[in-house]
Amino acid sequence: MRPNIITEAGIPTRLNQWWSSIPFITSGVVLICGVIYLLCLLVGYDSYDTICFLPSAVASHFQVYRFYTSVLFHGSLLHVLFNMLALVPLGTELERIMGSVRLLFLMFLLASTNAILHLTIAFLVAYNPLYPALYLVNECSIGFSGVIFAMIVIETSLSGVQSRSVFGLFNVPAKWYAWILLVLFQFLASNVSLLGHLCGILSGFAYTYGLFNYLLPGPSFYSKIEGLSALSVCVRRPGFILCTGGTTYGQLPTYSNTSAAPSALINGNFLRNISSWMPNRQTPTVQEGEDPRFPGRARTLGSAGAEPAAREASANLHARLLDNTTPSEPLTNSQHTVANTVRADATVTADQVDTFDEELKKLVGMGFEKTQAEVALAAADGDPNVAIEILMSQQG
């Protein structure tokens with residue numbers, strides 16, 4: 001009897017396609033955390049008190065390195081496996097929107113702010129005169145979950161969705177999603193750092209409100225990093241996504257703080273957001289194509305034939321990621337090249353339709369597998385937006 005070749009090759013092929021669809025930085029973090037855990041397991045390393053985030057040690061000995069070693073180490077196989085499986089979809093989506101170098105900087109920023117918030121809250125609560133809780137300054141925390149909670153808040157805000165599914169069991173309002181996960185993990189898992197996860201959520205909201213805008217570098221910073229000769233091997237990899245466009249890797253946000261306020265504390269958006277406790281899910285009024293919280297440009301997933309809810313979410317995402325370029329400002333030759341080569345953030349008009357091969361190259365540059373992208377693009381009659389929706393639904 002003839003063997004079923006598809007069945008025999010199904011699992012390895014699907015695993016290979018799944019791994020190849022993960023962008024460069026996201027897959028790199030997964031590998032680093034996995035290798036670190038395996039090395040600790042092989043050599044029998046269990047002195048986590050020397051690398052974990054310990055507020056008392058950070059304050060007394062100024063061990064700032066714990067800000068970053070604590071997020072890369074994990075205490076058990078389930079710990080690292082669950083965190084990395086949660087990171088893959090979040091990191092993939094954010095990296096395709098932001099770019100590889102920008103996402104790496106965001107992870108570094110979130111790890112730093114999480115640790116600072118953790119340190120501050122731990123000492124404030126531990127030495128408050130009403131009900132001291134000294135155990136908080138001696139609590140040892142490790143794991144990437146604090147950064148993941150911050151990324152959950154940021155991705156939920158960028159997506160513009162109205163509800164999120166909790167483990168596929170029930171749907172909750174998107175603005176409560178991170179908080180419900182925080183409570184569930186405290187009840188369902190043992191030895192979980194409530195303060196570490198809480199600080200991740202707070203950092204995520206601080207980013208979405210624009211409180212970190214003055215810490216975000218401009219596009220020239222990312223261009224210089226991507227232009228380093230030492231990183232040329234990384235930049236040429238298929239999964240690497242450029243922050244400033246110009247190649248088939250994908251159109252990504254560009255940041256400019258020339259007209260945006262250095263902090264959202266001095267604009268009305270912050271006060272309106274605080275009044276609702278959560279990021280606003282309605283499309284904000286954009287003045288001259290500018291949103292100081294999410295400056296830049298990124299792809300939208302909607303299309304002319306999509307459902308109304310999908311169009312609304314796409315419009316919301318597009319409005320949040322508009323850059324400071326106004327229609328009155330003429331485009332340079334390089335900007336024309338970027339707009340013609342990588343165009344994933346706008347509805348394509350009749351005079352801007354590219355050939356099938358060009359759209360296929362764009363999808364492959366965004367990290368999709370070539371065969372799947374070709375099938376999806378053919379099913380979408382050449383519409384790249386519909387093809388992206390098909391591919392994302394397949395990955396989901």
Side-chain angles (χ1 to χ4, degrees), residues 25-26 28-37 39-40 43 45-75 79-80 83-84 87 91 94 98 100-128 132-154 191-207 209 211-217 221-222 224-225 228 230-231 262-263:
I25 293 299
T26 302
V29 172
V30 172
L31 285 175
I32 290 173
C33 291
V35 168
I36 288 177
Y37 175 75
L39 289 177
C40 292
V43 302
Y45 180 84
D46 59 357
S47 302
Y48 294 118
D49 57 327
T50 61
I51 51 88
C52 69
F53 184 79
L54 188 62
S56 59
V58 174
S60 59
H61 302 292
F62 199 66
Q63 296 176 346
V64 183
Y65 69 87
R66 292 177 181 266
F67 285 20
Y68 312 107
T69 57
S70 61
V71 301
L72 298 177
F73 284 78
H74 293 79
H79 189 197
V80 66
N83 278 355
M84 295 304 102
L87 172 65
L94 289 177
M98 296 180 172
S100 297
V101 176
R102 192 187 300 270
L103 179 64
L104 181 62
F105 181 84
L106 177 64
M107 289 180 176
F108 175 81
L109 177 64
L110 293 176
S112 303
T113 55
N114 287 359
I116 294 173
L117 283 173
H118 193 151
L119 185 68
T120 303
I121 296 175
F123 273 93
L124 288 177
V125 175
Y127 293 101
N128 78 88
L134 296 178
Y135 71 92
L136 287 177
V137 297
N138 296 314
E139 185 180 69
C140 192
S141 303
I142 57 173
F144 206 80
S145 53
V147 177
I148 291 176
F149 266 88
M151 294 172 65
I152 288 174
V153 174
I154 296 171
N191 200 23
V192 175
S193 174
L194 172 63
L195 188 54
H197 293 170
L198 175 62
C199 291
I201 293 177
L202 295 179
S203 292
F205 281 128
Y207 179 87
Y209 290 150
L211 297 182
F212 295 159
N213 277 2
Y214 67 97
L215 297 175
L216 301 177
F221 170 81
Y222 303 112
K224 291 178 180 178
I225 297 297
L228 294 176
L231 299 180
S263 172

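Each residue takes its place number in the sequence, starting with 1.
Residues E139 and L195 approach most closely at OE1-CB, 4.5 Å, considering heavy atoms. When all heavy atoms of A115 and F53 are compared, the closest pair comes out as O-CZ, 3.3 Å. V71 and F144 make their closest contact through O-CD1, 3.3 Å (heavy atoms, listed as atom of the first residue, atom of the second, distance). In terms of heavy-atom proximity, L110 sits nearest to S203 at CD2-CB, 4.1 Å. The nearest pair of heavy atoms linking I225 to V101 is CG2-CG1, 3.8 Å. Shortest non-hydrogen contact noted between F73 and Y45 is CE2-CE2, 4.3 Å.
Within 6.0 Å of CG on N128 lie more than 12 heavy atoms contributed by other residues, nucleotides or ligands.
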Verdict with reasoning, Y127 to L134, per side-chain contact (heavy atoms from CB on, under 4.5 Å) | CA-CA 7 Å; Y127 293 101; L134 296 178; 3.6 Å; yes
Stepwise side-chain contact (heavy atoms from CB on, under 4.5 Å) check, L211 with F205 = CA-CA 9 Å; L211 297 182; F205 281 128; over 6 Å; no
List the steps, then state whether side-chain contact (heavy atoms from CB on, under 4.5 Å) holds for V147 with L87.
-> CA-CA 9 Å; V147 177; L87 172 65; over 6 Å; no
What's the verdict on side-chain contact (heavy atoms from CB on, under 4.5 Å) for L216 and Y207, showing C-alpha distance, side-chain angles and the deciding distance?
-> CA-CA 10 Å; L216 301 177; Y207 179 87; 4.1 Å; yes
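Among residues two or more places apart in sequence or in another chain, the side-chain hydrogen bond (donor to acceptor under 3.5 Å, both in side chains) test is passed with T26 by E95. Residues that satisfy the side-chain contact (heavy atoms from CB on, under 4.5 Å) test with L202, not counting sequence neighbours, are L117, I121, W179, L198. Every residue two or more places apart in sequence or in another chain that forms a disulfide bond (SG atoms under 2.5 Å apart) with C140 is listed here: C52. Judged as a side-chain hydrogen bond (donor to acceptor under 3.5 Å, both in side chains), and not counting sequence neighbours, H118 has no contacts. With sequence neighbours excluded, the residues satisfying side-chain hydrogen bond (donor to acceptor under 3.5 Å, both in side chains) with S112 are Y68.
Note that CG of L215 is 11.5 Å distant from CG of L106, once rounded to the nearest 0.5 Å. A distance of 9.5 Å separates CG in L124 from CG in L119, rounded to the nearest 0.5 Å. In this structure, NE2 on H197 lies 9.0 Å from CD1 on I152, to the nearest 0.5 angstrom. Rounded to the nearest 0.5 angstrom, T113 OG1 and F212 CZ are separated by 4.0 Å. Here the straight-line distance linking atom CD1 of I36 with atom CG of L72 works out to 4.5 Å at 0.5 Å rounding. How far NE2 of H79 is from CE of M84: 8.5 Å, rounded to the nearest 0.5 Å.
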Which atom pairs, one a donor and one an acceptor, fall under 3.5 Å between side chains of residues 54-65 and the rest of the protein, sequence neighbours left out?
{"from": "S56", "atom 1": "OG", "to": "V137", "atom 2": "O", "distance (Å)": "3.2"}
{"from": "S56", "atom 1": "OG", "to": "N138", "atom 2": "OD1", "distance (Å)": "3.3"}
{"from": "S60", "atom 1": "OG", "to": "S56", "atom 2": "O", "distance (Å)": "2.7"}
{"from": "Q63", "atom 1": "OE1", "to": "R66", "atom 2": "NE", "distance (Å)": "2.5"}
{"from": "Q63", "atom 1": "OE1", "to": "R66", "atom 2": "NH2", "distance (Å)": "2.9"}
{"from": "Y65", "atom 1": "OH", "to": "T50", "atom 2": "O", "distance (Å)": "3.0"}

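Applying the side chain to side chain donor-acceptor pair (under 3.5 Å) test between S193 and each of S145, S141, S70 identifies S141 as the sole match.
Aromatic ring centroids of Y37 and H74 lie 6.0 Å or more apart.
The closest donor-acceptor contact from the side chain of T69 to the backbone of I51 lies under 3.5 Å.
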